[in-house]
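Quick note on labels: first sequence line is chain A, next is B, and so on, each numbered from 1.
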Amino acid sequence: MQFRIATWNINSVRLRLPLVERFVAEFAPDVLCLQEIKCREEDFPLAALQQLGFSFIEVNGQAGYHGVATLSRIPMTRMSSKRFCGADHARHLATALTAPDSGGVVIHNVYIPSGGDIPDPGLNPKFEQKLVYLGRIAEWFARPENRSERMIILGDFNVAPLENDVWSHKQLLTVVSHTPVEVEHLEGLRAAAGWVDPVRLHIPPTEKLYTWWSYRSKDWRASNRGRRLDHIWTTPSLAPHVHRVTVADAARDWPQPSDHVPVIADIAIP
DNA sequence: ATGGTGGTCCTACCA
């Protein structure tokens with residue numbers, strides 16, 4: 001079985017429902033993981049998204065901020081929604097594909113805290129919370145009972161780990177999202193389950209690659225001061241079966257865009 | 001060096 005999975009920080013699913021519809025029409029994902037839906041479950045545009053063919057939809061939402069949702073055309077069940085940093089934030093949703101030929105793939109859709117402006121956990125509680133979140137989610141995946149052979153973790157990680165994941169490694173070393181301490185914490189999460197980054201297997205680390213461009217620039221493509229904040233990782237056994245990856249950067253030019261663009265992986269389940 | 005934009009939901013807070 002082959003399927004296409006995508007992650008997209010949508011920055012309000014209600015406001016940008018037309019963009020989700022356009023993305024689905026143009027890119028036909030079988031599984032779509034959204035972050036920053038910014039609504040409660042009861043306000044989620046369920047019927048409109050079911051009409052796009054997603055018969056299986058799970059939502060972990062809250063009013064106004066954060067929130068994640070996982071939509072699937074393939075049979076899928078909800079597993080859990082953890083609060084890794086203690087705060088009452090809707091930032092995680094685990095589901096599992098249940099179709100017999102889907103390999104029982106477990107999908108962790110995450111929205112890691114942004115971390116505020118000052119990269120010092122002593123001065124900035126938001127930065128501390130980000131590091132705590134990364135530490136706790138790593139601890140969770142380090143426990144064998146929380147792992148399985150075929151897993152995907154994807155979402156807005158709010159960390160650009162590699163030098164070519166940002167427009168200027170040197171200038172962003174002290175900017176939240178690319179500081180060494182965040183990169184170390186993200187590496188802790190990666191190592192906890194032996195996660196592989198198949199996006200960088202397909203697009204080599206020597207190439208610049210971004211998934212986010214700030215709203216605060218006149219011409220995002222001309223200035224191109226982007227960062228790769230959105231990621232799709234798989235367990236080692238799944239990584240060789242990711243046969244294509246796409247960053248749908250055209251979506252950054254759609255009307256009233258999100259500041260993030262979708263990242264897509266095509267996976268053939270062995 | 002600074003301020004630049006955008007979403008939620010009514011006043012700041014968050015990104």
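Stacking of A:Arg228 on the aromatic ring of A:Tyr210 is not recorded, the 6.0 Å distance cut-off and the 45° axial limit not both being met.
Among the heavy atoms of the strands, none lies under 4.0 Å from A:Arg227. Within 4.0 Å (heavy atoms only), A:Arg40 reaches no atom of the nucleic acid at all. A:Lys126 comes within 4.0 angstrom of sugar-phosphate atoms only, judged by non-hydrogen atoms across all strands, and of no base. Using a 4.0 Å heavy-atom distance criterion, A:Arg225 is classed as making no nucleic acid contact.
The 5' end of DNA chain B is approached more closely, in terms of each residue's nearest nucleotide, by A:Tyr215 than by the other of A:Tyr215 and A:Ser114. Between A:Ile37 and A:Gly115, it is A:Ile37 whose nearest contact on DNA chain B lies nearer the 5' terminus.
At most 12 non-hydrogen atoms from other residues, nucleotides or ligands lie less than 6.0 angstrom from CZ of A:Arg244.
Taking a pair as Watson-Crick or G-U wobble with both distances under 3.5 Å, the runs of three or more consecutive pairs in DNA chain B are B:5-8 with B:12-15.
Rounded to a whole angstrom, the distance from the C1' atom of B:dC9 to that of B:dA15 is 16 Å. B:dC10 and B:dC14 have their C1' atoms separated by 15 Å, given to the nearest Å. Rounded to whole Å, the P atom of B:dG7 lies 22 Å from the corresponding atom of B:dG3.
Nearest approach of A:Val166 to A:Lys208, heavy atoms of both residues: O-NZ, 2.7 Å. In terms of heavy atoms, A:Arg227 sits closest to A:Leu172 at NE-CD1, 4.2 Å.
Of the charged side-chain nitrogens involved, at least one lies within less than 4.0 Å of a carboxylate oxygen, so that A:Arg190 and A:Glu187 count as a salt-bridged pair.
Residues A:Trp140 and A:His108 bring their aromatic ring centres within 6.0 Å.
Side chain to side chain, A:Asn158 and A:Tyr133 fail the donor-acceptor criterion of an N or O pair below 3.5 Å. Between the side chains of A:Thr7 and A:Gln35, at least one donor N or O sits under 3.5 Å from an acceptor N or O. In summary, the side chains of A:Trp220 and A:Asp253 do present a donor paired with an acceptor at a separation below 3.5 Å, with no hydrogens or angles considered.
The outermost nucleotides of DNA chain B lying under 4.0 Å from heavy atoms of chain A, listed 5' to 3', are B:dG4 to B:dA15.
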